[in-house]
Amino acid sequence: MSDPDFDTDGESTVLSVSDRVAAEALIVDVGAYEGPLDLLLTLSRTQKVDLRQISILALAEQYLAFVDKAKELRLELAADYLVMAAWLAFLKSRLLLPPDPQEDGPSGEELAAHLAFQLERLAAMRDVAAKLMGRDQLGRDFFARGITEDVQRVRKITYTASLLDLMQGYARIRTKDDFRPFVMDREAVMTMEQALDRMRGMIGFAGDWTDLSSYLPDGWNSDSVRTRSSTAATFAASLELVKEGKIEIRQGDMFAPIQVRKRADPDGKT
Amino acid sequence: MAKPENDSLFEAPPMGEQERMVEAILFASADPVSLKELIGRMPHGSDPAEAIVYLRKKYEGRGVHLVKIEDAYAFRTAPDLGFLMQKETVEVRKLSRAAIETLAIVAYHQPVTRAEIEEIRGVSVSRGTIDQLIDMEWVRFGRRRMTPGRPATFVVTQEFLDHFGLENSRDLPGLKELRAAGLLENRPPPGTEVLDDEDDADDDQVEMFEEGTE
Amino acid sequence: MAKPENDSLFEAPPMGEQERMVEAILFASADPVSLKELIGRMPHGSDPAEAIVYLRKKYEGRGVHLVKIEDAYAFRTAPDLGFLMQKETVEVRKLSRAAIETLAIVAYHQPVTRAEIEEIRGVSVSRGTIDQLIDMEWVRFGRRRMTPGRPATFVVTQEFLDHFGLENSRDLPGLKELRAAGLLENRPPPGTEVLDDEDDADDDQVEMFEEGTE
């Protein structure tokens, strides 16, 4: 805030000391008002009448005087104070001049009535706010329980099952026992019977030594599990055929290929 | 341990027992306990609402009262004995004038939008003011207003009512007088009526307000 | 400490008032309050010890009691109402597949040992699964089997029969049908004895067991 005494500007000295005291008594600090409506409400209280009977015209004049003084004191005024000043000046002219029938819009009286309503409403809110804060308050005037007990949230889970669940569960185990091995093993297991069937059909055409591995069926030498299973089955089947006297079997060396050939007929036929 | 909740085969406990139960549950909690929760926690078939009537009478004039806050109940010490409780007094955060006024406006005009609060106070409401009230759990968001922009509304909470010893927001001091004086109406400034008549914004607001406070 | 010199001009409040005061202080305090502190907080000349006697009587048989903890006093929930401080939410869940299968095996093959259950299911049975069934009171321990190692056996309970609406385990529906379908044939692993009927005391159980496995 600028102090007029130290102002180099000549116009500030125009204010007499008493003027200044009067102005400061009114103004003190613009920051103390929460906006123009607050200021207007404060000013209206000086009329010491019921807000409903307040003279808006007088109030407008007081406000404009306040703004003028504040300007003289070079107080920083927020824009909304100036907007309100302009609006009140307009309202004042409306209230003072006879209504212009050509002009649209609300009359000065309507505008004044609304301003009076706003002031009354704000005053009422201040009043009830004070009443509210004046009430007995929790933790100040009355108190809640000091020792509280937490409510334990116990989640109780009950399990249930129906007779059908039970039956199905049981049937599931039993069926699993009976059929599961077949279902499980069919994919990658070749049985000796399968190999035997296969070899019986093929052996008639093998007059000379042939690698056992060539008897493996198509698609059974692709992955190791299937290869192992089919090799074992085929080997077992070939031993069975040797036992039956249908073929001969030989292996040249350790880990050398196993070879089989059709055994010459005792009759001498090949 | 008793497991009364499932025992619908058994009769509800005698009313004297139910009183004891309500008493124990409410004593154990610092916060109000809703009737619904009481029903949920008490044995099947209990009627805590009736038990509360008796219990309330029993505590009349005592050092501790049974108070009602909306649909919930709590024990609170009698306000005239507050002077004994310096030790328990909690420092309530000092509220600014702006916060106190905003709180009052929310309480008396709820549900109220930020623009309406600003219109009533004649200044813009800083974000922090409403945040502070929400933080204190005295104010919360209400339904959005069905007007253009669908602005958020604010309403007061059960904690607010509890704090100020109000059974519900109808009991706000001076509410009837304010309404009778027309000071709770949302009166648009002259010259803006045309705009407001276009949509039913006004009707909606009045209706919502009445719903919230009646 | 009270400042008795200021209060000495006034008489002590009537006993009824003192009771209210003690009641409010004990209610609001976070800790038990000693007699000394009560004296310090109450108006000069008060006799909280006497007030406590009356107050204690007033709370006898109520939902909360006034109790003495060492040299201090506090309100506490009546011990018989402790169950109200728990909020039980009951959640019904389906039994796991493992549990149902184990249960079915016990029902059809009782008395059955854990090894037998495992043999029938083809997988090992976790301790937890049987514990759960015992916990539910659907399965209980039967007599020990009179075989080497004297393994424990499991049988179904009356609660199990009640739950499934069975008069006895022989009524398990589908038993005959299952047997007719050859699904109940209990093939012991090669090299094990079919059954142990060495113990006559087991008669009843063996009978049931055999019936279930024949």
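Protein chains get the first letters and strands the later ones, always in sequence-line order, with residue 1 at the start of each.
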- Shortest non-hydrogen contact between B/Arg76 and B/Pro32, atoms and distance: NH2-CD, 3.8 Å
Answer yes when [X] and [Y] have at least one side-chain N-carboxylate O distance shorter than 4.0 Å, and no when they do not.
| X | Y | answer |
| --- | --- | --- |
| B/Lys68 | B/Asp162 | no |
| B/Arg179 | B/Glu185 | no |
| B/Arg56 | B/Glu60 | no |
| B/Arg121 | B/Glu116 | no |

- Do any of residues 85-95 of chain A have a heavy atom less than 4.5 Å from a heavy atom of chain B, and if so, which, in residue order? none
For the candidates [options], which exhibits the highest count of non-hydrogen atom pairs separated by less than 4.5 Å from chain B?
| options | value |
| --- | --- |
| A/Met133, A/His114, A/Arg140, A/Glu120 | A/His114 |
| A/Gln118, A/Lys131, A/Met84, A/Met125 | A/Met125 |
| A/Val128, A/Asp141, A/Leu122 | A/Val128 |
| A/Ala129, A/Gly146, A/Ala124 | A/Ala129 |

What part of [X] lies closer than 4.5 angstrom to a heavy atom of chain A: side chain, backbone, both or neither?
| X | value |
| --- | --- |
| B/Ala30 | both |
| B/Glu177 | neither |
| B/Leu95 | side chain |
| B/Ile105 | both |

- Task: Please flag which part of A/Arg135 lies under 4.5 Å from any non-hydrogen atom of chain B: side chain, backbone, both or neither.
- Result: side chain
- Honestly, the part of A/Leu40 sitting under 4.5 Å from a heavy atom of chain B is neither
- ring pair (Phe, Tyr, Trp, His ring centres under 6.0 Å) partners of B/Phe154, counting only residues at least two apart: B/Phe141
- Query: Taking atom types as modelled and ignoring hydrogens, do the side chains of A/Gln194 and A/Thr191 form a donor-acceptor contact shorter than 3.5 angstrom?
  - Reply: yes
- Side-chain donor-acceptor pair present, B/Glu23, B/Tyr59, cut-off under 3.5 Å: yes
- Message: Tell me every residue that passes side-chain contact (heavy atoms from CB on, under 4.5 Å) with A/Glu110, counting only those two or more places apart in sequence or in another chain.
- Response: A/Pro106, A/Ser107, B/Pro190
- Message: Applying side chain to side chain contact (heavy atoms under 4.5 Å, CB included) to B/Leu172 and A/Leu132, what does each step give before you reach the verdict?
- Response: CA-CA 8 Å; B/Leu172 283 164; A/Leu132 197 60; 4.0 Å; yes
May I ask you to name which of [options] has the most heavy-atom pairs under 4.5 Å with chain A?
| options | answer |
| --- | --- |
| B/Gly122, B/Ser124, B/Pro173 | B/Pro173 |
| B/Leu84, B/Thr102, B/Ile25, B/Leu166 | B/Leu166 |
| B/Ala98, B/Ala78, B/Gly174 | B/Ala98 |
| B/Ile100, B/Ile120, B/Leu103 | B/Ile120 |

- Task: Keeping to residues at least two apart or across chains, list the ring pair (Phe, Tyr, Trp, His ring centres under 6.0 Å) pairs with something in residues 21-43 of chain B.
- Result: B/Phe27-B/Phe75, B/Phe27-C/Phe27, B/Phe27-C/Phe75
- Item | Verdict with reasoning, B/Glu119 to A/Arg121, per salt bridge (charged side-chain N to carboxylate O under 4.0 Å, His left out) | CA-CA 11 Å; B/Glu119 143 82 8; A/Arg121 185 173 59 181; 3.1 Å; yes
- Task: Begin with the C-alpha distance, continue with both residues' side-chain angles, and end with the deciding distance and a verdict on salt bridge (charged side-chain N to carboxylate O under 4.0 Å, His left out) for A/Asp38 and B/Arg97.
- Result: CA-CA 12 Å; A/Asp38 185 23; B/Arg97 200 178 83 172; 2.6 Å; yes
